[in-house]
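I have placed the structure first, in the form of structure tokens, so that the comments after it can refer back to it.
Computed from a predicted structure; not experimentally measured. Reminder, nothing fancy here: chain letters follow the sequence lines and each chain counts from 1.
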Amino acid sequence: MLSTGRCGRSKLVMASRIPARDLVKNKGLLSDDVVAIRTGGRVVDLHTPVDENATFEVIRATDKDGIQVIRHSTAHVMADAVQRLFPGTKVTIGPAIEDGFYYDFDKPGPGFTEEDLAKIERTMLDVIAKDTPFRREVVSRNEALALFEKMGETFKVEIIKAIPEGEEISLYRHGTPGKDEWVDVCEGPHVPSTGFLRAVKLTSVAGAYWRGDERNPMLQRIYGTAFPSKEALEEHLRLIEEAKQRDHRKLGKELDLFFFDQVAPAMPFFLPRGAFVYNRLVQYLRDLYVEYGYEEVITPQAFDPKLFRTSGHLGNYNENMYRLWTEDLLEAPAGEKGERKEPFDLGKHLQATSFALKPMNCPSHCVIFGSRKRSYRELPWRVADFGRLHRYERGGVVHGLSRVRTFCQDDAHIFCTQEQVPEEIARFLKMFYAVYKAFSLEKIDIRLATRPEKRIGSDELWDMSEKALREGLEQANLPFEIAPGEGAFYGPKLEFHVQDALKRSWQLGTMQYDPNLPERFDLKYTGEDGKEHRPVMLHRAVLGTIERFLSVYLEHCGGNFPTWLAPTQAIVLTVSEKSEEYGRSVLEELRSKGIRAEADFSADKLGAKIRNARVFRHPYMLVVGPKDAEAGTVSVRSRDAGDLGAMPRAELVARILAESEPPR
RNA sequence: GCUGGCGUAGCUCAAUCGGUAGAGCACCGGUUUUGUAAACCGGCAGUUAGGGGUUCAAGUCCCCUCGCUAGCUCCA
């Protein structure tokens with residue numbers, strides 16, 4: 001079930017086929033760590049019959065594909081253990097995933113508990129200890145259906161029925177035949193025997209919909225992971241622990257950056273230190289906007305719902321919009337001659353009239369564009385907006401700063417001609433890469449998301465828009481992948497997937513091609529030919545939202561903001577209260593030079609002050625005592641470089657100022 | 001929204017079977033005057049998220065609401 005590979009020619013060439021194991025053995029390549037081979041473009045395990053003359057390469061337990069084989073095999077062992085411990089539980093699917101595997105179960109009664117996981121894990125270890133081989137068997141569709149119908153495995157029956165006619169159906173068994181054998185319909189591949197599974201761990205349990213559709217019944221999903229060795233598993237668990245330590249919600253509290261309160265669910269309160277970082281990010285972008293030719297506007301917060309009816313958002317995204325009512329809306333408007341045919345429906349009336357908090361900036365920018373006659377000479381017009389947006393996100397999806405109900409995008413729209421699109425994309429990409437380099441986020445994968453099934457606009461229009469984005473990428477000479485059907489309903493988009501220090505990938509910035517809004521707002525410019533033309537609109541954001549970017553960046557840098565972004569760049573620590581006067585003069589000098597400095601003049605011992613300062617991860621700690629006062633120095637301890645020794649005050653000031661601008 | 005889990009002082013966490021709500025940090029006061037990762041003493045701090053119920057007795061058991069959380073679904 002790893003993938004839906006094809007194997008339609010098995011009947012014709014049976015005579016010359018041998019198990020992959022024999023093929024590997026014949027070539028003298030069989031060793032303990034071989035779990036599968038790659039041949040004819042697919043991965044098959046050692047149980048699978050292959051052409052005896054096939055060319056192949058071996059896949060070892062430590063190879064990427066080998067680990068997938070191990071994980072999927074572990075999923076089988078887990079399902080075996082679950083069905084043994086919880087009779088009546090039905091199996092569904094159990095694929096290998098990025099960090100491990102899962103298996104979805106239909107369990108009668110209550111779900112699995114943490115204690116259940118421990119029990120299941122122990123039973124799995126028993127199965128592994130018995131080291132029985134995985135056995136592969138090819139059966140007919142009817143044999144497979146009969147077997148799983150008899151077992152009452154209704155989900156498996158559904159899966160078998162969905163396998164296309166003519167495709168080979170294989171079963172995999174492990175355990176002792178006639179005794180404790182376990183069978184699953186499965187395409188493989190699997191490891192040779194259960195004993196190959198040396199390092200397994202169940203991690204969590206959660207609900208998941210059958211076939212990923214929320215209209216379907218919810219199943220119980222158990223997540224686990226497996227590695228070729230105990231050491232690799234431990235390293236993985238260590239990384240998870242590290243990620244927990246860097247969780248931006250934890251760092252936000254520790255560093256006094258932001259917090260949440262029940263009075264405004266999923267809406268962050270930025271404290272002074274967090275607000276500084278937030279504003280510094282915005283300032284950074286504003287500076288780049290000067291360089292890249294953007295103009296910033298400020299637009300209203302709340303709008304007559306007519307605006308969103310024009311844009312098409314009302315109706316489609318009604319349930320995600322915050323609406324405002326005012327006292328006067330609660331009364332029925334006076335009808336014509338005081339007579340009304342239908343009773344007053346307050347709900348409908350409010351829906352029609354109450355203002356909406358803007359969930360995006362684009363409609364306002366269309367209003368601005370359309371507010372007067374425009375010339376082709378004005379294009380491309382790049383209009384930026386740091387407006388506050390609100391979206392009522394469903395309860396289960398909000399998460400720290402990464403998914404909130406009020407946020408700010410580093411939003412801009414580019415109104416231009418069709419011909420200008422590739423050039424604009426290239427220009428955006430240049431800025432995008434400059435920004436991410438400045439944050440040392442340098443591994444970026446680009447995906448071109450193309451037309452989805454549910455969409456508006458003609459195929460010709462989509463052909464043109466997708467071509468424009470593609471040409472932009474090609475012009476910038478950047479590699480990209482296609483994400484078929486992943487585009488927005490109104491146009492294709494570029495997604496930027498950014499990898500952080502812990503090798504996790506995040507989608508942050510975006511660029512979207514939108515031929516829809518200019519149409520709906522009937523936007524026009526006068527061309528060189530004196531005639532009216534429809535402009536094209538590009539939506540784009542570099543960071544995405546400030547909030548989400550901050551969550552990713554916090555975890556990326558572990559709270560160690562670079563000097564240019566740190567809310568406090570240096571903290572003065574006096575050795576004793578006797579040095580307060582000198583410390584104060586250092587503090588004032590730094591501040592007078594525009595350095596963000598603080599001081600700890602408390603009666604704590606120096607060790608305690610250093611410890612406190614380290615918790616806040618200030619880039620510089622400046623120890624001052626009688627010796628420094630005497631020499632006019634500060635003893636500098638750098639967060640990143642350690643003890644730098646005594647330094648003249650002017651030298652320190654120069655050093656910090658040199659680090660106070662973002663890298664370019 | 002769905003399936004689980006959780007909610008105790010500003011923070012991190014205790015509280016046995018349903019039997020007097022407690023500790024460290026932070027904060028406030030005092031002692032100490034310190035040279036590179038936590039000095040010492042004392043004090044303040046709680047409608048145990050909110051509401052209802054069971055019970056002689058509820059932080060603990062049951063129900064509802066709110067919030068958080070792991071996933072699922074969603075993300076214009």
Side-chain angles (χ1 to χ4, degrees), chain A residues 102 104 107 110-114 116 203-223 247 249-250 253-254 256 259-266 308 311-321 358-363 389 391-400 402-405 407 409 452 454 456 486-491 493 507 510 512 514 516-517 539 544-545 548 573-580 602-615 621-629 634-638 642-646:
Chain A
Y102 67 78
D104 285 348
K107 178 180 182 290
F112 298 105
T113 63
E114 291 292 315
D116 291 342
T203 48
S204 64
V205 55
Y209 300 106
W210 167 234
R211 293 193 183 280
D213 190 327
E214 66 181 324
R215 289 163 303 192
N216 284 340
M218 185 158 263
L219 308 168
Q220 291 287 314
R221 172 172 297 179
I222 301 180
Y223 284 93
D247 188 313
R249 294 167 297 185
K250 182 173 146 76
K253 258 186 227 171
E254 271 176 30
D256 276 351
F259 74 97
F260 291 88
D261 189 280
Q262 294 200 10
V263 296
F308 299 111
S311 71
H313 292 109
L314 206 66
N316 268 343
Y317 300 98
N318 218 358
E319 68 281 6
N320 285 315
M321 250 187 255
K358 64 175 167 187
M360 76 285 292
N361 295 309
C362 14
L389 306 177
R391 296 181 188 177
Y392 182 69
E393 301 284 2
R394 295 203 289 176
V397 305
V398 295
H399 177 93
S402 31
R403 189 94 175 257
V404 287
R405 289 181 175 145
F407 55 92
Q409 294 177 327
K454 197 183 138 195
I456 56 173
E486 301 272 304
F489 71 91
Y490 52 75
K493 58 184 183 183
Q507 195 196 321
T510 179
Q512 302 176 13
D514 186 353
N516 177 47
L517 279 184
H539 307 250
T545 76
R548 186 170 158 80
L573 308 176
T574 45
V575 169
S576 82
E577 284 172 295
K578 286 174 184 161
S579 301
E580 181 171 338
S602 72
D604 281 340
K605 291 181 68 171
L606 183 58
K609 290 184 185 182
I610 285 177
R611 187 178 185 284
N612 292 336
R614 284 188 61 100
V615 168
M621 283 169 273
L622 313 177
V623 174
V624 295
K627 285 182 243 166
D628 297 290
V634 291
S635 299
V636 181
R637 183 172 163 137
S638 151
D643 195 348
L644 301 178

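- Residue-to-nucleotide proximity on RNA chain B shows that, of A:R405 and A:D247, the 5′-proximal contact is made by A:R405.
- In this structure, the side chain to side chain donor-acceptor pair (under 3.5 Å) partners of A:E580, at least two apart in sequence or on a different chain, are A:R584.
- At a threshold of 4.0 angstrom between heavy atoms, the contacts of A:E254 with the nucleic acid are absent.
- Taking 4.0 angstrom as the limit, A:Y102 places none of its side-chain polar atoms (N or O) nearer than this to OP1 or OP2 of B:rA70.
- Across all their heavy atoms, A:V624 and A:V634 have their closest contact at CG1-CG1, 3.6 Å.
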Can you name the atoms? Protein N/O to nucleotides 73-75 of chain B N/O, anything below 3.5 Å, with the distance.
from, atom 1, to, atom 2, distance (Å)
B:rU73, O2', A:E214, OE2, 3.0
B:rU73, O2, A:R394, NH2, 2.5
B:rC74, O2, A:R403, NH2, 2.8
B:rC74, N3, A:R403, NH1, 3.1
B:rC75, O2, A:R403, NE, 3.4
B:rC75, O2, A:R403, NH1, 3.2

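- The phosphate of B:rA70 has OP1 or OP2 within less than 4.0 Å of a side-chain N or O from A:H399.
- Within the 4.0 angstrom heavy-atom criterion, no nucleotide atom of any strand lies near A:G642.
- B:rC17 adopts a syn glycosidic conformation, its chi angle falling within 90° of 0.
- Taking atom CZ on A:R215 and atom P on B:rG1, their separation rounds to 19 Å, with Å as the unit.
- In this structure, the side chains of A:N612 and A:D604 come closer than 4.5 Å at one or more pairs of heavy atoms.
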Is there any protein nitrogen or oxygen under 3.5 Å from a nitrogen or oxygen in nucleotides 9-17 of chain B, and what are the pairs?
from, atom 1, to, atom 2, distance (Å)
B:rU12, OP1, A:K253, NZ, 2.8

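- Looking only at side-chain heavy atoms (C-beta outward), A:R637 and A:L573 stay at 4.5 Å or farther from each other.
- Using a 4.0 Å heavy-atom criterion, one finds that A:F112 contacts no nucleic acid atom at all.
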Under 3.5 Å, which donor-acceptor pairs link side chains of residues 206-214 of chain A to any protein atom two or more places apart or in another chain?
from, atom 1, to, atom 2, distance (Å)
A:W210, NE1, A:E158, OE2, 3.4
A:R211, NE, A:E158, OE2, 3.4
A:D213, OD1, A:R215, N, 2.9
A:D213, OD1, A:R215, NE, 3.1
A:D213, OD2, A:R215, NE, 3.4
A:D213, OD2, A:R215, NH2, 2.6

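- In this structure A:E577 satisfies the salt bridge (Lys or Arg N to Asp or Glu O under 4.0 Å) test with no other residue, sequence neighbours excluded.
- Interatomic distance, CG of A:L644 versus CE of A:M621, reported as 10.0 Å (0.5 Å rounding).
- The two residues A:D116 and A:G111 make their nearest non-hydrogen contact at OD2-O, 4.0 Å.
- As judged by a 4.0 angstrom heavy-atom cut-off over every strand, A:Y223 is placed among residues touching the sugar-phosphate backbone only.
- The CG-P distance, from A:D261 to B:rA49, rounds to 15 Å in whole Å.
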If the sugar-phosphate is the primed atoms plus P, OP1 and OP2 and the base is the rest, what is the B/S/- string for nucleotides 30-37 of chain B, using protein heavy atoms under 4.0 Å?
--BBBBBB
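- The same atom, P, is picked in B:rA76 and in B:rU60; the two are 42 Å apart, to the nearest Å.
- Under the salt bridge (Lys or Arg N to Asp or Glu O under 4.0 Å) criterion, A:K627 pairs with no residue, sequence neighbours left out.
- Taking 4.0 angstrom as the limit, A:R249 places a side-chain polar atom (N or O) nearer than this to OP1 or OP2 of B:rU69.
- Shown here are the salt bridge (Lys or Arg N to Asp or Glu O under 4.0 Å) partners of A:R403, two or more places apart in sequence or in another chain: A:E393.
- Counting heavy atoms from C-beta on, the side chains of A:K493 and A:E486 never come closer than 4.5 Å.
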Using Watson-Crick and G-U wobble pairs whose two distances are both under 3.5 Å, how do you write the pairing of RNA chain B as dot-bracket, with | for links to another strand?
(((((((..((((.....[..)))).(((((.......))))).....(((((..]....))))))))))))....
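- Nucleic acid contact class of A:A266 (heavy atoms, under 4.0 Å, all strands): sugar-phosphate only.
- At least one side-chain heavy atom of A:H539 sits under 4.5 Å from a side-chain heavy atom of A:Y490.
- No side-chain donor-acceptor contact under 3.5 Å links A:N316 to the backbone of A:H313.
- Only the C1' atoms considered, B:rG59 is 13 Å distant from B:rG19, to the nearest whole Å.
- Smallest separation of non-hydrogen atoms from A:G487 and A:P452: O-CG, 3.4 Å.
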Show your reasoning for whether side-chain contact (heavy atoms from CB on, under 4.5 Å) applies to A:R394 and A:E319.
CA-CA 9 Å; A:R394 295 203 289 176; A:E319 68 281 6; over 6 Å; no
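- Not a single side chain to side chain donor-acceptor pair (under 3.5 Å) links A:D261 to another residue, sequence neighbours left out.
- Atom CD in A:Q220 sits roughly 6 Å away from atom C1' in B:rU3 (whole-Å rounding).
- To the nearest whole angstrom, the two P atoms, one in B:rC62 and one in B:rG4, are 14 Å apart.
- Side-chain N or O atoms of A:K609 include none that pairs as donor or acceptor with a backbone N or O of A:V575 at under 3.5 Å.
- In this structure, A:K107 and A:F112 have side chains that are in contact, with non-hydrogen atoms separated by less than 4.5 Å.
- Taking the C1' atom of each, B:rC2 and B:rA38 are spaced 47 Å apart, rounded to whole Å.
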Polar atom pairs between nucleotides 59-66 of chain B and protein, under 3.5 Å, N or O only, would you list them?
none

For nucleotides 43-45 of chain B, tabulate all protein N/O to nucleotide N/O atom pairs closer than 3.5 Å, reporting atom names and distance.
none

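- Of the two residues near RNA chain B, A:R221 and A:M321, the one whose nearest nucleotide lies more 5' is A:R221.
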